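Right, one structure below, let's go through it.
Source: prediction; values computed, not measured.
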Amino acid sequence: MTGISTHVLDTALGRPAPGVRVELSRRAADGGWQVLAVSATDADGRCRELPAVPEEPGGAVLRLRFDTGGYLPQPAFLPEVSVVFAVEPGQPHYHVPLLLSPYGYSVYRGS
């Protein structure tokens, strides 16, 4: 099993972003997406309810989809942010934070 975690930081305000809906999905063999979990960030901007993902022999491609339109000032320039990343076999955990502002974002693999 590979643990997946994320958090959202509002870089414009310099604080965590609470209440951002987050969807975790796995790319299916047909190229579509299988939703594994839906959660939302807490007061610390963290999603604590994402499940571990079963390992696949060749790895997997996952997607974190953030509903940023519900958080950002309206009308939101970025109504949604999707982060697609590859998970390698044997890796125990992936932490993928989203640094968000009204007109841009950044992601990275954290620890």
Side-chain angles (χ1 to χ4, degrees):
M1 299 292 274
T2 301
I4 305 297
S5 62
T6 188
H7 69 273
V8 182
L9 298 175
D10 185 324
T11 58
L13 299 177
R15 63 180 186 215
V20 177
R21 184 179 175 274
V22 179
E23 179 183 278
L24 173 64
S25 302
R26 174 188 295 141
R27 182 175 286 158
D30 66 2
W33 293 98
Q34 173 193 10
V35 176
L36 302 175
V38 176
S39 187
T41 57
D42 61 16
D44 290 327
R46 298 187 179 277
C47 265
R48 300 186 192 272
E49 300 173 5
L50 296 178
V53 176
E55 283 194 32
E56 296 181 25
V61 175
L62 302 180
R63 178 180 70 187
L64 287 169
R65 194 169 75 180
F66 300 87
D67 178 12
T68 52
Y71 173 79
L72 293 170
Q74 297 299 310
F77 176 69
L78 297 168
E80 175 183 299
V81 172
S82 290
V83 180
V84 178
F85 58 101
V87 173
E88 299 175 17
Q91 296 294 311
H93 188 81
Y94 282 79
H95 182 64
V96 185
L98 175 67
L99 307 179
L100 180 65
S101 73
Y103 298 102
Y105 67 91
S106 178
V107 296
Y108 61 96
R109 181 177 177 189
S111 57

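Within a 6.0 Å radius of CD in E49, other residues, nucleotides and ligands contribute 12 heavy atoms or fewer.
Here the NE2 atom belonging to H7 is positioned 10.5 Å from the CZ atom belonging to R48, to the nearest 0.5 angstrom. Once rounded to the nearest 0.5 Å, the distance linking OG of S101 with CG of D10 reads 8.0 Å. Atom CD1 of residue I4 and atom SG of residue C47 lie 12.0 Å apart, to the nearest 0.5 angstrom. If you take OH on Y94 and CG on L62, they are separated by 9.0 Å, rounding to the nearest 0.5 Å. Put simply, OG1 on T6 and NE2 on H95 are 6.0 Å apart, with the number rounded to the nearest 0.5 Å.
When the side chains of ILVMFWY residues are joined at heavy-atom separations under 4.5 Å, either directly or via intervening members, V84 and L36 end up in two distinct hydrophobic clusters. V20 and V35 fall into different hydrophobic clusters, where Ile, Leu, Val, Met, Phe, Trp and Tyr side chains are chained together by heavy-atom contacts under 4.5 Å. Note on V38: it does not cluster hydrophobically with V22, by side-chain heavy-atom contacts below 4.5 Å among ILVMFWY residues. Note on Y105 and L9: separate hydrophobic clusters, where clusters join Ile, Leu, Val, Met, Phe, Trp and Tyr whose side-chain heavy atoms are under 4.5 Å apart, directly or indirectly.
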Give the C-alpha distance, both sets of side-chain angles, the deciding distance and a yes or no for side-chain contact (heavy atoms from CB on, under 4.5 Å) between L100 and L72.
CA-CA 9 Å; L100 180 65; L72 293 170; 4.0 Å; yes
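With T68 contributing its side chain and L78 its backbone, the two residues share a donor-acceptor pair below 3.5 Å. Within the 3.5 Å criterion, the main-chain N or O of L99 finds no donor-acceptor partner in the side chain of T11. Looking at E80, its side chain never comes within 3.5 Å of a backbone N or O of R65 through a donor-acceptor pair. Listed for the T41 side chain is a donor-acceptor partner under 3.5 Å among the backbone atoms of G19. With E55 contributing its side chain and V53 its backbone, the two residues share no donor-acceptor pair below 3.5 Å. Listed for the D30 side chain is a donor-acceptor partner under 3.5 Å among the backbone atoms of G32.
Closest of all the heavy-atom pairs between P16 and G45 is CB-N, 3.5 Å. P18 and Y71 make their closest contact through O-CD1, 3.6 Å (heavy atoms, listed as atom of the first residue, atom of the second, distance). The two residues M1 and A52 have their closest heavy-atom pair at CE-O, 3.6 Å. Contact record, A12 with P102: CB-CD, 3.7 Å, taken as the closest heavy-atom pair. Of all non-hydrogen atoms in E23 and S25, the two that sit nearest each other are OE2-OG, 3.5 Å. Considering all non-hydrogen atoms of both residues, P51 and A37 come closest at CD-CB, 3.3 Å.
For the pair W33/V61, a side-chain contact is recorded, criterion being any heavy-atom separation below 4.5 Å from C-beta on.
Between F77 and Y103, the two ring planes are tilted [angle within 30° to 60°].
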